[in-house]
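Read the structure below first, then the notes.
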Protein chains: 2
Amino acid sequence: MSLTLKQLRYFVAAANQASVSKAAQALSISQSAVTEAIKELESYLGVQLFIRQPRGMTITPEGQQFLRHAISILAEVANATRVASAGAHRVTGRLNLGVTSLTAGYVLSDVLSRYRRLNPDVDVTAVEDTAEYLEHLIIGGELDVAVMVTSNLRNAQALQSEILEVSSFRLWLPIDHPLNRQQSIALSDVADEQLIVLDVDEMEQEAVKLLSAFGKRPRIAFRTRSVEAVRSLVATGAGVALLPDLVYRPWSLEGDRIHSRDVSGTLPVVQVGLIWRRGSAISDAAREFVAVAQAQHEVKQR
Amino acid sequence: MSLTLKQLRYFVAAANQASVSKAAQALSISQSAVTEAIKELESYLGVQLFIRQPRGMTITPEGQQFLRHAISILAEVANATRVASAGAHRVTGRLNLGVTSLTAGYVLSDVLSRYRRLNPDVDVTAVEDTAEYLEHLIIGGELDVAVMVTSNLRNAQALQSEILEVSSFRLWLPIDHPLNRQQSIALSDVADEQLIVLDVDEMEQEAVKLLSAFGKRPRIAFRTRSVEAVRSLVATGAGVALLPDLVYRPWSLEGDRIHSRDVSGTLPVVQVGLIWRRGSAISDAAREFVAVAQAQHEVKQR
DNA sequence: GGTCGGTATCGGTTTTTCCGAACGAAAACC
DNA sequence: GGTTTTCGTTCGGAAAAACCGATACCGACC
């Protein structure tokens, strides 16, 4: 046999849900079908994609890497059908994008590279700034679309938005941290820890607000604007961090492992999405951008 | 039903061969299977991909556009399996590429965008120059790999090469040109025409050499370094052109139609490929580049 | 008008996919 | 410490799909 799109879809679903049965449910299909598709995929690639555990599955590093490819392929397929079905006029013109420093690396890069390949005749420019200023530029008509955290927009009534990704806060720990031995971690446990905070996109306020509920002032060990720095600091034991799952990666640049754990109780979520000006007609180039981003988003959700 | 990789493979084959039955033969499969797969694909997309003619099929503009997507998807799939099967180490380092002005737009751009996405940690630089000078830079170790016409290398013994694409010369005509009414066109017919020549990568010498065989000196109406200009000039009736099929597109920038016709007798072919220095160890980053380019090439061939 | 080169259609067969039930294994629960 | 719960896997049979070969069909070419 050879590789099948169906296998990729099932694989992505299973990876998202970290469970064969949940994936099967989401796909409205039987568990055994998913199991067999993934098994087939693994034997075809000659790589183990998941580690089966009694309580679900966790993806292997190789699986993680293949997952990126699988999502990319499915997104490409979605775009191909969309473009073909819509009719074949080439979009030209100019597109002015805005990003925040957080979304630039973790959301925009994928979408943008695909967009440029699909619409080579569009002149794309992107500026990076704070969420607040991006809103200002959108409303002023200087930007067409911005990619940013949309959970707390300041001028919601003047803006239209589309959620691309919902990501909940989780706790990052070095692999040998004492809290790792607890089955469940409460927010109050975290309040006693040294904290590494990320000083972009209001991530700091969010984390501090969470912890301040316990009366004590959070102990901030380090404040940085670089996610990579947070990872390195957490990995080497300088402290723990509360950040959206979106930016989590299991390894730091130096190769040290990082764990990400749920905190009991409901932690807030951040919504990352697109915004554009409400009311005014949106350009073809901008509409295409929204569509490309949505296609990628939908594929990931499965 | 939903879209299938198998459908894409069959479609690409049929598009390449401009024939269902030839494609079936190439795929070692029955003709009806290919017919049905393509029909299914068309009804799924809601777009007609081919115009059926008594003497084979020609691809529609929508089909042409979808073909690019299909090839891109298949190439992505090939790379995903290759990377997964090979094991998951990220390639880093630097890659110095060389291109000629012809290969930059028509060959490199696709491969390079895919390469950058697959290997974000590699620092890529590219220089554009003449084939002769690129060879010099390769031998001197200043470039790792070059993408160029490899039909007539000057220093073949010092270089290793890998063919990516073989493209034969064809005649470009405006749609209403008298020669279009002839069933077959001889080279001697062309010798009387006004010629538009492309002044890059020795395309001019090649075309002139072909026509000089008839004693007369070819009538060169225009000499330009831009393929787009050639297309526009041909479309508006300023002359005809002899160029490799690789750079043919059915429309000029202005939207005017151009025909491409075989010339009876065997016209020479140009080989476009990669070259690198023979003997010296090739870097990981360069090997990856060769592999990505090959994957794309193989997909197209089907 | 017949042949030739090609595509579309159709019944029958093979292969693939899917389901549901049974199985097994580790964690959670009492 | 045993039982229950929750998963993932395995397996036989059923449903669906892909494939094949033969045949019908259609326009160009002679």
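Please read all numbers here as calculations on a predicted model, not as lab measurements. The analysis underlying the following values was restricted to heavy atoms, covering all of them including side chains, and did not include hydrogens, waters or symmetry mates. Reminder, nothing fancy here: chain letters follow the sequence lines and each chain counts from 1.
Under the 30°/60° scheme for interplanar angles, the aromatic rings of B:Phe66 and B:His69 are found to be tilted.
Checked against D:dC19, D:dG8, C:dT17, the side chain of A:Thr4 finds its nearest nucleotide in C:dT17. For A:Ala33, whose side chain is taken as the heavy atoms from C-beta onward, the closest listed nucleotide among C:dA8, D:dT9, C:dC19 is C:dC19. Of the candidates C:dT17, C:dA8, D:dC19, the closest approach to any side-chain atom of B:Thr35 belongs to C:dA8. Checking C:dC18, D:dC20, D:dT10 against every side-chain atom of A:Lys39, the shortest atom distance belongs to D:dT10.
Residues A:Arg9 and A:Thr4 bring no donor and acceptor atom of their side chains to less than 3.5 Å of each other.
In this model, a side-chain donor or acceptor of B:Ser32 finds a partner on the base of D:dG21 within 3.5 Å. Put simply, the side chain of B:Gln31 and the base of C:dA8 share a donor and an acceptor less than 3.5 Å apart.
Going from atom CZ of B:Arg52 over to atom P of D:dA28 covers 17 Å, rounded to whole Å. The NZ-P distance, from B:Lys22 to C:dC4, rounds to 17 Å in whole Å. Residue B:Glu42 contributes atom CD, which lies 11 Å from atom P of C:dT9 at whole-angstrom precision. Whole-Å rounding puts the B:Gln25 CD to C:dG5 P distance at 13 Å. Distance, A:Lys6 NZ to C:dC18 C1': 9 Å, rounded to whole Å. Here D:dA17 presents its P atom at 14 Å from OH of B:Tyr44, a figure rounded to the nearest Å. Rounded to whole Å, the distance from OH on A:Tyr10 to P on C:dT16 is 16 Å. Following rounding to the nearest Å, A:Gln17 (CD) and D:dC7 (P) show an atom-to-atom distance of 12 Å.
Along DNA chain D, the nucleotide closest to A:Glu36 and the one closest to A:Met57 are compared, and the more 5′ of them pairs with A:Met57.
Contact between the side-chain N/O atoms of B:Ser21 and the OP1/OP2 oxygens of C:dT7 is found at a separation under 4.0 Å.
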Inset, instruction - Evaluate the side-chain hydrogen bond (donor to acceptor under 3.5 Å, both in side chains) criterion for residues B:Arg52 and B:Thr58: first the C-alpha distance (whole Å), next the side-chain angles of each, then the deciding distance (0.1 Å), finally the verdict. - result: CA-CA 7 Å; B:Arg52 274 70 167 180; B:Thr58 59; over 6 Å; no

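Taking the centre of each ring, A:Tyr248 and A:Phe169 stay at or above the 6.0 Å mark.
In this structure, B:Thr60 contributes its side chain and B:Gln48 its backbone to a donor-acceptor pair below 3.5 Å.
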